[in-house]
Amino acid sequence: MINVTKTFFPPIEEYQAQLQRVWQNEWLTNRGALVLELEEKLKAYLQVNSILITNNGTIPLQIALKLLGKGGEIITTPFSYVATTASILWENCTPIFVDIHPDFLTIDETQIEAAITPKTSAILATHVFGNPCNIELIERIAHQHGLKVIYDAAHCFGVSYQGQSVFEYGDVSTCSFHATKLFHTGEGGAVFCNDEKLMHQIYYSHNFGHDGPMAFHGLGINGKISELQAAMGLAVLPHLERIIAARKEVVGFYLNTLNFEVLTTMKLRENTHWNYSYFPVIFETEAQLLRVQKALNDHEIFPRRYFYPSLNKVGYIKDTAMPISESIAQTILCLPLSHALEPDDVAQIVNLINANL
Ligand SMILES: *Cc1c(COP(=O)(O)O)cnc(C)c1O
């Protein structure tokens with residue numbers, strides 16, 4: 001069976017060697033030695049100025065929205081994982097959708113200004129599939145209107161834009177280390193913020209607001225990652241370059257052999273050093289997509305309809321028409337992509353797709 005992705009399992013001895021340290025320390029959570037070490041290693045690997053690792057990639061979105069969204073209207077993309085919109089609602093803010101660009105699949109920055117009202121507090125945009133939003137323009141608009149910018153950069157591990165980590169942009173950026181993501185700790189995530197005062201608020205918010213054992217800076221929640229998760233991260237990280245190189249090969253094969261007279265794929269923004277995190281293809285019609293999906297499923301190959309439905313169509317959300325996002329959501333399929341795909345598997349996937357268009 002071939003799924004859309006395959007979680008990387010480090011050699012078990014390497015994981016056990018990390019666990020050995022946890023047993024030696026007899027310390028399981030509350031920012032132990034392995035968490036601190038993983039943060040330092042990630043800081044160096046990603047070349048970022050600040051990082052706080054967390055128990056998943058959703059809690060940092062919630063914390064950022066709590067601190068910066070302040071119950072207001074949040075301008076956001078309808079083409080993302082449901083966590084992006086759900087976090088907005090969970091923090092009692094209101095999502096205001098702005099449609100996406102049909103080539104880049106990121107929020108259409110030219111439509112943002114029209115969506116701003118006196119209640120708008122922030123923009124929450126997703127660098128979808130690791131493709132950066134139009135960061136310069138979003139920054140300019142935010143600056144002009146006094147808005148905060150939060151990037152859901154869940155897909156962006158290792159992505160750089162204009163020569164620096166994409167996590168360095170925005171007031172806050174977040175990442176996910178879920179098992180299906182490029183770099184993982186089983187469950188986990190991170191938050192990046194270069195404003196020291198805001199990072200301090202994020203830091204205490206992720207630990208119940210504690211200021212020492214008996215005092216509190218303010219309201220908080222539990223966003224802490226454990227030593228067991230950090231152990232997995234420390235065991236996975238040394239393999240990451242090899243994982244990315246293997247994925248790059250698969251993407252190269254897809255690009256050279258799929259029938260792009262019929263299909264299209266996401267256009268990468270210029271000056272992006274991408275991470276090969278997802279390989280989306282866009283069909284001409286949903287019927288064509290369903291035909292190809294069935295042919296693949298019949299051979300035990302399971303691509304995923306990332307992202308379907310367009311988030312304005314999720315039942316609990318007030319719907320506003322988002323024609324491009326809806327059309328892309330109906331016709332996009334993420335093809336299998338992992339370190340473990342063999343050339344024969346990729347060839348079979350391509351043959352089945354091209355034969356069923
Ligand atoms: C995976 C993902 C998240 C949530 O991350 P978790 O670590 O699963 O909480 C948020 N946004 C996007 C775009 C994602 O793909």
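Each ligand, and each atom within it, is numbered from 1 in the order the structure gives. These values consider heavy atoms only, across backbone and side chains, with no hydrogens, waters or symmetry-generated copies.
Those atoms of ligand 1 with a heavy atom of G188 less than 4.0 angstrom away are 7 (O). Taking every heavy atom of T58 and a limit of under 4.0 angstrom, the matching atoms of ligand 1 come to 4 (C), 5 (O), 6 (P), 9 (O). For ligand 1, the atoms lying closer than 4.0 Å to a non-hydrogen atom of S80 are 13 (C).
At a 4.0 Å heavy-atom cut-off, ligand 1 touches H155 through the side chain alone. Of all the heavy atoms of D152, the ones lying under 4.0 Å from any atom of ligand 1 belong exclusively to the side chain.
Counting only N and O atoms by type, the side chains of E136 and Y169 include no donor and acceptor under 3.5 Å apart. Looking at D99 and Q111, their side chains never bring a donor and an acceptor atom within 3.5 Å of each other.
Backbone and side-chain nitrogen or oxygen atoms of G57 are examined, and one is located within less than 3.5 angstrom of a nitrogen or oxygen of ligand 1.
Of the protein's non-hydrogen atoms, the one nearest atom 2 (C) of ligand 1 is K181 NZ, 3.0 Å.
In this structure, R305 pairs ionically with E286, as a charged nitrogen and a carboxylate oxygen lie closer than 4.0 Å. Residues E227 and R21 are not paired through a salt bridge, judged by the lack of any N-O separation under 4.0 Å between the basic side chain and the carboxylate.
Look at G189 and you'll find every heavy atom at least 4.0 Å from all atoms of ligand 1. Ligand 1 has no atom lying under 4.0 Å from any heavy atom of E187.
Remark: the backbone N or O of M199 is not paired with any side-chain donor or acceptor of D195 at under 3.5 angstrom.
Ring orientation note: the planes of F8 and H239 are tilted relative to one another, at an angle of 30° to 60°.
For atom 14 (C) of ligand 1, the choice among A86, S176, P60, A154 with the nearest heavy atom turns out to be A154.
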Run the numbers on E187 and N55 for side-chain hydrogen bond (donor to acceptor under 3.5 Å, both in side chains), then give the verdict. CA-CA 6 Å; E187 292 272 2; N55 54 357; over 6 Å; no
